Structures are given as C-alpha cells and as structure tokens.
Amino acid sequence: EIYTLSLHDALPILASHPIDHFEVNGEPAVASGNSYTFSNVASDATLTALFVSNITFYVDAANGNDAADGFTKATAVSSLQVAIDRAVDGDRILVADGTYAPIHVSDKHITIESENGYKTTIIDGGGTNGCMYAVYSIWGMPSTNAVLRGFTLANGYSYRGAGACGGTLERCLIVGNVAFNEEPGYGAAYYYGQGGGAYGSMLRYCTIVNNTAEFWPGNEWEEDPQTSGGEGGGVYGCTLENCIVYGNEGVIAPDASDSEYSSSSLIGVDPLFVNAANGDYRLTSASPCVVDGVATAGCETAIMSGTVPG
C-alpha cells in the first residue's frame, strides 16, 4: 500500500522543531513539497521522524512572541524557557538583551548564549527561585551538559545553587544569590544552605561575588543540636577555571567549599575591582588577575589603569 502524510496535518506535533525527513523501518520516505510518501508499508511498520539538528533559536524579551517559531530574529520568542523546551541536543539559543525569568534546562546538550554579554542579559530569580536549574531528570543530580554563556544570574533563592545548580557557565556574573536554610527534616541536612552562587557547576571565566549560604544552628533546646548548611556561599561542589570568587558569605568556607579550581582562579582574595559596590567588575591594572595587561580570570576582560577608586 501507499500512504501520504502531509506536514501541514502534522504541524501540532512538529511545530516545536523543524523536521528533516521521515523514515519507515529505516528507509527514507519520498518527499514532495510538504508531503512524504511511503510505499509498501506493512501494518506493523515503524515510522520515525528525524529532526533538523544544530539549529539556532532566537529569544527577545522586548520584541519576541512565544507563539512564533523562534527560528529567526524576526520570529523570536519572548521567553527563554520556551526556547529551552523546544530545543534538542546540539541546538543553540541566542538571547537578546533583557531580563529573563529563571530557567530549567534538565540535562540537554544545548548552548544558551547572550548576544551582548552579561551586562545586558540577566536571569533574575526574583528572590523566590534559583536562576538556573540544570539537573538529570531521573536522579536529580546536577548536570553540566547545558552551556550558559554571557549572563548575569542574580537574586536567586534556593536551598542549593541559588545562582546556578548544575550547568557549564562561561563569562557569567553570579551575584546576590542566597542558598536558604530552613529547619531540615530527617536526612535533609546534607544539602540545605550550600552553594549560594553555584552548586555542582562547571565555571569558566566567571565572577562569583556577594552570594550567601545560610547556616542552620540547630534547635537550642536540643542537647546536641543538628547544624547544617552555611557552606560555600560562593560555590559548592564546583569545578572552576579562570574564575574570581570573592566577598561571599557562609559559616564554612564562605567563598568555595568542596570545589576544584585551577591555579589561574582567584578564591577569597581581593581581585581589586574598579567599583564592585556599583556593579563595575572591571579589573584595575593592579589586580592579581591581570598579567601583562590581560585579565586572566573573571567575566570582565576590560582593564582600568591605576588603583581602586577611593
């Protein structure tokens, strides 16, 4: 028998991602416009749809529309999470300037990249949610498959990794996030209040500053109070390359706990920012992270001559 499938009829299924072609029992179907024809198909045949790989989705908070397909700048979606949900392994998401809601990436092998860098592209937790949550869907453990490049992650609030839980982050600023610590239940003490900035992430050329991991002191009426948390206000359980981690708060290892970092990273030492209090994370020429006039660590490449103002 001969069967014909119209892609127009299948749009509700295929709209989230472009189709490349169909196969029946491994044999490509014959394409004609928006229709594919299958010949000599048995009743128990397997129909497989193969999607286009390595495409780019576009996101624009100001001008996008989540009802659009996101395949071009002119048809960008407005929500970063919508693009992530549509993307498959190998895809890229290009993000215009703007402030975006927290994202859940699961363990997808995708790249999420800002057009103009961390200063103008922000993921804001709003003080109620972690900014980036990238974990294996089965085990709930952090996954570093997804790459996030050139973002600020701020105002995150979660029991671990309030800025980022998992993910591979490059050229990102992680600032002002809080890993909260409420009274832990049985077996929960291990992970409460850990990694205010990041937990279980791979970090490259990132700046992690002014994050907090809260500490639970235990119940005062207990003879031997069960304490927990307060570990790694900056990072916990992370791997860092050429990063700056400074000015974070926590009772135990306030900047970095249970983490590995390269010798080119600066942990717990003043990097001599130009004016961190006002969000200027450029390095002065006197910074220990500047070698031969080149920034060797952190998200900012610009160097300012002289010393820290004031």
Side-chain angles (χ1 to χ4, degrees), residues 61-62 80 94-100 111-125 131-132 147-156 161-164 167-178 195-198 201-212 232-235 238-250 254-256 259 261-310:
L80 182 50
L94 190 60
V95 185
D97 295 354
T99 299
Y100 296 88
T111 298
I112 306 166
E113 185 172 359
S114 68
E115 290 184 351
N116 297 307
Y118 78 91
K119 291 182 180 179
T120 54
T121 321
I122 301 161
I123 298 175
D124 193 324
C131 298
M132 179 185 184
V147 175
L148 186 75
R149 183 177 297 132
F151 284 79
T152 291
L153 291 83
N155 302 319
T168 294
L169 283 71
E170 300 175 350
R171 294 289 182 192
C172 288
L173 171 65
I174 304 175
V175 59
N177 303 284
V178 177
S201 302
M202 169 70 76
L203 305 165
R204 300 188 181 107
Y205 287 96
C206 290
T207 298
I208 303 98
V209 292
N210 298 332
N211 303 281
T212 302
V235 297
C238 294
T239 300
L240 301 90
E241 298 176 5
N242 302 83
C243 291
I244 295 172
V245 189
Y246 180 70
N248 302 282
E249 295 184 10
D255 284 305
S259 297
Y261 38 88
S262 64
S263 59
S264 52
S265 291
L266 190 70
I267 312 297
V269 177
D270 190 348
L272 300 181
F273 294 124
V274 170
N275 193 344
N278 289 311
D280 189 343
Y281 293 100
R282 290 177 299 165
L283 299 170
T284 65
S285 57
S287 170
C289 300
V290 174
V291 178
D292 295 329
V294 177
T296 60
C299 62
E300 181 60 75
T301 59
I303 308 299
M304 183 175 182
S305 298
T307 58
V308 178

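Keep in mind that what you see is a predicted model, and the values were worked out from it rather than measured.
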Nearest 0.5 Å, please: how far is [atom2] in [Y] from [atom1] in [X]?
| X | Y | atom1 | atom2 | answer |
| --- | --- | --- | --- | --- |
| Leu266 | Ser287 | CG | OG | 7.0 Å |
| Thr99 | Asp124 | OG1 | CG | 6.5 Å |
| Met132 | Ile174 | CE | CD1 | 9.5 Å |
| Leu94 | Thr111 | CG | OG1 | 11.0 Å |
| Thr168 | Glu241 | OG1 | CD | 9.5 Å |
| Glu170 | Arg204 | CD | CZ | 5.0 Å |

Heavy-atom pair of closest approach, residues [X] and [Y]:
| X | Y | answer |
| --- | --- | --- |
| Ile123 | Cys131 | CG2-O, 3.4 Å |
| Ile303 | Gly293 | CG1-O, 3.8 Å |
| Cys289 | Pro271 | SG-CB, 4.5 Å |
| Gly176 | Asn211 | N-OD1, 3.2 Å |
| Leu272 | Ala286 | CD1-O, 3.4 Å |
| Asn242 | Thr296 | ND2-O, 2.8 Å |

Listed partners of Asn210 passing side-chain hydrogen bond (donor to acceptor under 3.5 Å, both in side chains), at least two apart: none
Please step through side-chain contact (heavy atoms from CB on, under 4.5 Å) for the pair Glu300 and Ile244, ending with a clear verdict. CA-CA 10 Å; Glu300 181 60 75; Ile244 295 172; over 6 Å; no
If we check side-chain contact (heavy atoms from CB on, under 4.5 Å) with Leu169, which of these qualifies: Leu153, Ile208, Ile112, Val147? Leu153
Under 6.0 Å from the OH atom of Tyr261, do we count more than 12 heavy atoms belonging to anything else shown? no
Polar side-chain atom of [X] near backbone of [Y] as donor-acceptor pair, under 3.5 Å:
| X | Y | value |
| --- | --- | --- |
| Asn177 | Gly196 | no |
| Thr212 | Val178 | no |
| Arg171 | Gly298 | yes |

Decide yes or no for [X] and [Y]: does some side-chain heavy atom of the first lie under 4.5 Å from some side-chain heavy atom of the second?
| X | Y | result |
| --- | --- | --- |
| Cys172 | Tyr118 | no |
| Tyr100 | Ile122 | no |
| Ser201 | Val235 | no |
| Val209 | Leu173 | yes |

Can Tyr281 and Val274 be said to form a side-chain contact (heavy atoms from CB on, under 4.5 Å), step by step? CA-CA 6 Å; Tyr281 293 100; Val274 170; over 6 Å; no
With salt bridge (Lys or Arg N to Asp or Glu O under 4.0 Å) as the rule and sequence neighbours excluded, what pairs involving residues 274-283 come up? Asp280-Arg282
Derivation of the side-chain contact (heavy atoms from CB on, under 4.5 Å) call for Thr120 and Ser114: CA-CA 9 Å; Thr120 54; Ser114 68; over 6 Å; no
